[in-house]
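In listed order, ligands and their atoms are each counted from 1.
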Amino acid sequence: MKKALLLIALITMALTSCKQKVKNDNPLLNEFDTPFGVPPFELIKAKHFIPAYLKGFEEQKAEIKAIINNPEEPDFENTIKMLAYNGELLNKVGRVFGSLNSAHTNDSLQAINREIAPIASRHRDDINLNDTLFQRVKSVYDNRDKFKLTDVEKKLLDDTYKEFVRSGAALSPEDKEKLRKINEELSKLQVQFGQNLLAETNGFKLILVKKEDLSGLPEGVIEQAAAMAKSLKMEGKWVFTLQVPSMTPFLQYSDRRDLREKLFTGYFMKGDNDNEFDNKAIIARIARLRTERSKLLGYDSFASYALERNMAKTPEKVFEFLGQVWEAALPVAKAEAGAQQELINQEGGKFMLQPWDWWYYTEKIKKARYDLDDEITRPYFKIDNVMEGMFYVANRLYGLTFTKRDDIPKYHPDVNTFEVTRDGKHVGILMIDNYPRPSKRGGAWCGTFRSQKRDINGKMVYPVVTMVTNSTLPTSDKPSLLTATEAETLFHEFGHALHSLLSDITYPGNSVPRDFVELPSQIMEHWVLEPEVLKVYAKHYQTGEIIPQEIVDKLEKANKFNMGFITVEYLAASLLDMEYHAVKEPSDLDIRDFENKTMEKYGLIPEIKPRYRSTYFNHIWGGGYSAGYYSYMWCEILDSDAFQAFRETGDIFNREVASRFEKEILSKGGSRDALEMYIAFRGKEPGIEALLENRGLK
Ligand SMILES: [Zn+2]
């Protein structure tokens, strides 16, 4: 009740202050008067978001009203196009808020997120469930053959109509009311899930005080842990966190089995500690509500609902695909576990291999077999050099140039900003934010503060793209030196960034299917360890010496090492995602039990945990990968095959293939059917062979 009053007060304030002044004192409500229209981060304060959101809701409501009240017969121009362009202020505010809340949050932003999520859910439903509006859209859709529409316009019409139906526009008034309640509750639960996860990730620290606790750790890893302790005002100690760049090296090198167990247990119990941040009840509720909502909309499960608009189309198809790779990968993972147990036995260790041992023994075997470990390659993967490498690849393929700019607002000192140009012409802005901090959620992602499009008058709007990673931190005397995997992650996110930067669409509004969107990102991973590319960027951070051929050869040989594990831990998470979302009857799941039974059903070996356990699986509970985590591997079919198109020419920088990839795929966004795009690029559908070969599972 109190909140409602506050909101009314805020709405009134927002409306009146707008009337009184031309230039608003809320920077979010003004045109961004900055180079390239980047958000003026130094002016934007937490207090600006709620009034800006409320103004955004108001504006969009007025725009929708204008579409509905148009006395003319509904057509593409006055209905579908107007819908594609409505809600611009809300979109602008939402992008700034969403990016900051993920990459640099604080208590105020988290409180705003909790407050805004249900209001935004109601607002969306007011539009999606508005029958008068839907009847206009339906009228255009039903009469689509009468209008002379281009293919792009047809796709936009089709997507718009189907999204209305998928959002419940065709339901009875009673069912619409049920749907609204479900959506609102879901919006709150998803926010809560993410906030719990951040609290749990930041809440655990392995604090070491004795030198003997550091046994086995390379000097660089120890320095990292000392720097972490210092930043936490624990000088003289060593701290390891649940952030991957801190945790993984400890698991790889620490001789202290008890401490490895402690750290890894801290990781895989995130959100499952029966404390105030426990996520089990939240997940069970989300799963139940998603099933209920899907039933209401006429689907037999959430997976059927979600997959309908993906390339895969049905849960059966996804299960079949995952099953095929699982069959190939599980025996390989079992053999890997066997080799580790053998080593344990040889060393006289009288214990069975456990999940917290896997990285340690894998590292030993890798060292013995290939004389290679991350510490040998790190000096050649200085983060600035790796970024130079990815810029080089984008230049060779697409003719893009990246120029660092220091005159552009940033939301954190760690952000590096680049202007992207081609033949001297502006293409867009790219911000890169690489280091972990408590205000950033885990993982790596790419987003936009502004997406490319033509505005309603046809004028080009250039993209402002942001890519965020959690890479190894620099220390007082060393720059950030990456593992090969981290370098690959940078190339991956950069691939998403290129997809946004090279977008050349007219209308906003079509989304790219989840199981296609990883093609542009994953294809970039193929270049990172190519000898031709390594020669350009992989230079020793102290001597400038190019990575020796001998190490390149070793990297190449070790390329498929541990692939059983990598594939199985990923597939286990994908199967878990699919099983949660393929449930056909709404039920209150016991999360631990469901997870255990699912893994038993597929025969996951106890030495391996799923890549994400349920309680910290942000992709599917908080992010947009629900019944979609399979997409990475699905897209690997595409990216392995697409990279072959370069290989077949004998030139991994073939400009003709690159420009076809840009023209048929990168530039198109979601304005064309995904499979059509792929076939236009490649001339045929891809098969699973390139993927299995790529992973050495054939
Ligand atoms: Zn990705």
Side-chain angles (χ1 to χ4, degrees), residues 95 98-99 102-103 194 244-245 306 309-312 318 321-322 325 386-387 390 393-394 397 430-434 436 440-449 451 463 465-471 482-503 511-529 566-567 569-571 573-574 577 611-612 616-643 661 665-666 668-670 674 677-678 686 691 694-695:
R95 280 170 195 266
S99 294
S102 296
V244 170
R309 58 183 171 170
N310 281 5
M311 281 183 87
V318 175
F321 163 65
L322 293 175
V325 192
V386 174
M387 289 201 290
M390 67 194 198
V393 173
L397 293 174
L430 174 62
M431 300 182 195
I432 305 183
D433 174 7
N434 277 329
K440 195 193 267 189
R441 71 172 165 85
W445 63 93
C446 183
T448 52
F449 283 107
S451 293
V465 181
T466 167
M467 62 178 261
V468 184
T469 70
N470 279 285
S471 304
L482 304 182
T483 64
T485 311
E486 287 182 307
E488 201 175 87
T489 299
L490 271 182
F491 270 63
H492 175 107
E493 296 310 331
F494 183 62
H496 284 305
L498 290 176
H499 196 192
S500 296
L501 288 163
L502 293 174
S503 168
S511 56
V512 183
R514 177 58 67 208
D515 58 0
F516 191 69
V517 83
E518 300 300 332
L519 164 61
S521 52
Q522 289 182 174
I523 194 170
M524 285 305 292
E525 296 174 24
H526 290 269
W527 276 274
V528 68
L529 295 184
I566 293 169
T567 309
E569 71 150 9
Y570 165 82
L571 285 174
S574 303
D577 167 34
R611 180 154 191 193
Y612 296 99
Y616 51 92
F617 205 164
N618 186 60
H619 285 84
I620 68 166
W621 305 120
Y625 287 77
S626 336
Y629 193 63
Y630 77 90
S631 301
Y632 294 94
M633 196 162 282
W634 180 274
C635 287
E636 202 175 314
I637 297 183
L638 304 173
D639 69 67
S640 311
D641 182 68
F643 189 64
F661 192 71
I665 293 175
L666 296 178
K668 291 276 190 289
M677 285 196 264
Y678 193 80
L691 174 144
N694 195 36
R695 292 194 166 233

Can an N, O or S atom be found in Glu493 less than 2.8 Å away from the Zn ion (ligand 1)?
no
Given 3.5 Å as the limit, does a donor-acceptor pair link the side chain of Asp515 with the main chain of Met311, or not?
yes
Please state whether the rings of Phe617 and Tyr612 are parallel, tilted or perpendicular, taking 30° and 60° as the class boundaries.
parallel
When every non-hydrogen atom of Ala674 is compared with those of Pro513, the smallest separation belongs to CB-CG, 4.1 Å
So that I can check it, does any N, O or S atom in Cys446 come closer than 2.8 Å to the Zn ion (ligand 1)?
no
Of all N, O or S atoms in Glu518, identify the one at the shortest distance from the Zn ion (ligand 1).
OE1
Side-chain heavy-atom pair Met390, Ile432 within 4.5 angstrom cut-off:
yes
